[in-house]
Peer 1: 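Here's a structure for you.
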Amino acid sequence: MSLMPPPLRRARPEPPPVSRAAPPPPPAAPRGSPLGRVAALLSPADREVLWLYLLTRASLWVTAYCTRLVFPSRSDARTPEPPLSPFEQWDWHHYLHIARDGYFPDGAAGGPEGEGDNREAFFPGFPLALRAVHTVVPDWTAAGLLISFVAGGAAVLALARLARWYVPEPGAGRRAVLILLLSPCAVFLAAGYTEALFLAFALPAWLAALRHQWPQAAVLTALATGVRVSGLFLAAAVALHFLLAARRGDARWRSLPWLALPAVPALLYAWFLYGHTGDWMAWNHAQERGWYRTFHLPWESWAVTWNSAFGERHPTGYGFMFQAELVAMVVGSVLCADLLRRRRWAEALYIALTLAALGTSYWYMSVPRSMLLWWPLHIGLAAWSLRRPRVLIVYLCLVAPLSTVYAVTFLSGRWAG
């Protein structure tokens with residue numbers, strides 16, 4: 001037997017490639033056009049995130065269409081309701097009335113005796129945007145949905161970039177966005193509510209703070225404060241991040257005055273309400289009158305919410321909502337503890353202030369909705385799922401039915417029980 005390798009065979013020469021004309025490139029937007037300038041700012045990863053965003057928006061609109069047919073407001077309805085009617089629910093009416101009629105139509109105010117609808121509880125950022133867009137889009141509901149649609153796109157882009165900042169593994173941004181868009185209360189990102197607009201300002205503000213762009217972070221945080229009082233919690237987190245950076249020598253103290261800017265919208269709003277009601281805290285008192293947000297000790301709030309969830313004090317629909325409030329509060333507490341353990345002090349402060357505000361009222365309210373604003377949660381779950389792939393599967397299997405139930409419950413007008 002020969003130990004020599006067999007002789008190499010000459011490979012047949014490959015036939016020459018057939019010359020084919022290259023297909024014409026797809027038409028691109030002119031570089032000088034606004035669309036072209038926006039497209040130039042988007043990376044392939046950004047486009048993938050936006051594609052995912054559009055897909056989830058389409059699924060929510062399909063859900064809204066089916067809900068209006070399967071769960072009409074009248075059981076004997078023979079014709080479907082208007083296409084946008086599923087989104088005309090609950091707090092939307094407050095934003096609509098503020099944008100259309102102002103806070104004090106005909107001089108009415110929700111004073112100590114409880115007159116009015118307590119619309120002062122809602123900050124003016126979203127109603128102002130709604131009134132501005134209404135000048136172009138005549139239908140009020142369509143204008144509100146358009147604001148949330150555009151703001152949601154900006155928010156997911158910022159969340160993806162934040163995730164890539166924290167997590168080095170590829171795909172972190174797309175995964176964090178997926179976790180946000182499929183979270184149980186994601187329907188509120190599509191409705192005419194404040195969550196999408198707040199995130200469109202808050203997430204770029206935090207990204208600017210991470211990059212030590214303090215004037216930009218302050219301006220964006222101020223815009224977020226005009227939308228929700230949660231902007232003040234974000235402002236506190238940005239201020240703490242600045243102080244920690246300045247202590248390390250990574251920030252210049254001359255940027256410190258910028259950190260006072262986020263308080264300006266809240267002060268201006270309080271001044272406006274004082275001029276009409278004589279009460280500097282009119283917005284907070286409106287929340288107390290309309291939504292039982294009077295101060296209680298944390299264990300008292302937990303006890304009332306627990307009894308409301310499991311004590312058969314309310315119909316089952318309300319009981320389910322209170323159970324979700326308890327679960328969300330536990331998740332937030334675990335998230336805050338984890339951020340403290342990893343010494344992410346500024347983000348822990350943001351979550352802690354949010355939990356303190358929501359967890360010291362008569363009972364828990366809107367904590368699951370507030371989870372949409374907890375970007376450390378979405379990024380943390382994305383990082384965990386990249387290390388352990390089964391985490392994403394478990395998450396999707398658990399939240400998919402919850403997201404569907406929450407969406408149908410809201411879109412059918414059955415949200416509060």
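Keep in mind that the numbers below use all heavy atoms, side chains included, and drop hydrogens, waters and symmetry copies.
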Peer 1: With side-chain contact (heavy atoms from CB on, under 4.5 Å) as the test, would you mind laying out the steps for Y406 and T409 before giving the verdict?
Peer 2: CA-CA 5 Å; Y406 269 53; T409 302; 5.6 Å; no

Peer 1: Once the angle between the rings of F310 and W306 is folded into 0 to 90°, is it parallel (under 30°), tilted (30 to 60°) or perpendicular (over 60°)?
Peer 2: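 If you compare the ring of F310 with that of W306, the planes turn out tilted.
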
Peer 1: Less than 4.0 angstrom from a charged side-chain N to a carboxylate O is my criterion; do R164 and E169 meet it?
Peer 2: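 No.
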
Peer 1: Which ring pair (Phe, Tyr, Trp, His ring centres under 6.0 Å) pairs, counting each pair once, include a residue from residues 140-181, with sequence neighbours left out?
Peer 2: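 Every ring pair (Phe, Tyr, Trp, His ring centres under 6.0 Å) pair that includes a residue of residues 140-181, provided the two are not neighbours, is Y53-F149, W61-F149, H134-W140.
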
Peer 1: Within a 6.0 Å radius of atom CH2 on W258, are there more than 12 heavy atoms belonging to other residues, nucleotides or ligands?
Peer 2: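 Counting other residues, nucleotides and ligands, CH2 of W258 stays at 12 neighbours or fewer.
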
Peer 1: So, R119 and D91, do they make that salt bridge, N to O below 4.0 Å?
Peer 2: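 Salt bridge: no.
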
Peer 1: Would T294 and E288 count as having a side-chain donor-acceptor pair, cut-off 3.5 Å?
Peer 2: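 No, because no side-chain N or O of T294 sits under 3.5 Å from a partner of the opposite role on E288.
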
Peer 1: Can you tell me how the ring of W302 sits relative to the ring of Y364, calling it parallel under 30°, perpendicular over 60° and tilted otherwise?
Peer 2: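 The arrangement is perpendicular - the two ring planes meet at more than 60°.
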
Peer 1: Going by the ring pair (Phe, Tyr, Trp, His ring centres under 6.0 Å) test, name the single residue among F122, W363, W90, Y362 that passes it with W291.
Peer 2: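 Exactly one pass, corresponding to F122.
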
Peer 1: How about R131: does its CZ atom have over 12 heavy atoms from other parts shown lying under 6.0 Å from it?
Peer 2: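 No, because the 6.0 Å sphere around CZ of R131 holds 12 heavy atoms or fewer from other groups.
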
Peer 1: Return yes when atom CZ of R313 has more than 12 non-hydrogen atoms of other residues, nucleotides or ligands closer than 6.0 Å, and no otherwise.
Peer 2: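 Result for CZ/R313: enclosed.
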
Peer 1: Any salt bridge linking R161 with D46? Criterion: basic side-chain nitrogen under 4.0 Å from a carboxylate oxygen.
Peer 2: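 Salt bridge: yes.
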
Peer 1: Please indicate whether F272 has more than 12 foreign heavy atoms, meaning atoms of other residues, nucleotides or ligands, lying under 6.0 Å from its CZ.
Peer 2: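 More than 12 within 6.0 Å, yes.
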
Peer 1: For H212 and D250, does a side-chain donor sit closer than 3.5 Å to a side-chain acceptor?
Peer 2: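 Short answer, no.
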
Peer 1: Pick from Y103, W283, Y274: which one makes a ring pair (Phe, Tyr, Trp, His ring centres under 6.0 Å) with Y269?
Peer 2: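 Running ring pair (Phe, Tyr, Trp, His ring centres under 6.0 Å) over Y103, W283, Y274 with Y269 returns exactly one hit, Y103.
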
Peer 1: Which word best sums up how the rings of F322 and H314 line up, parallel for under 30°, tilted for 30 to 60°, or perpendicular for over 60°?
Peer 2: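 If you compare the ring of F322 with that of H314, the planes turn out tilted.
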
Peer 1: In terms of ring plane angle, is the pair W206 and H241 parallel, tilted or perpendicular, where the classes change at 30° and 60°?
Peer 2: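 Taking H241 first and then W206, their aromatic rings sit tilted (interplane angle of 30° to 60°).
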
Peer 1: Among all residues two or more places apart in sequence or in another chain, which pass the side chain to side chain contact (heavy atoms under 4.5 Å, CB included) test with S230?
Peer 2: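 Result, side chain to side chain contact (heavy atoms under 4.5 Å, CB included) vs S230: F198, R228, F233, L373.
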
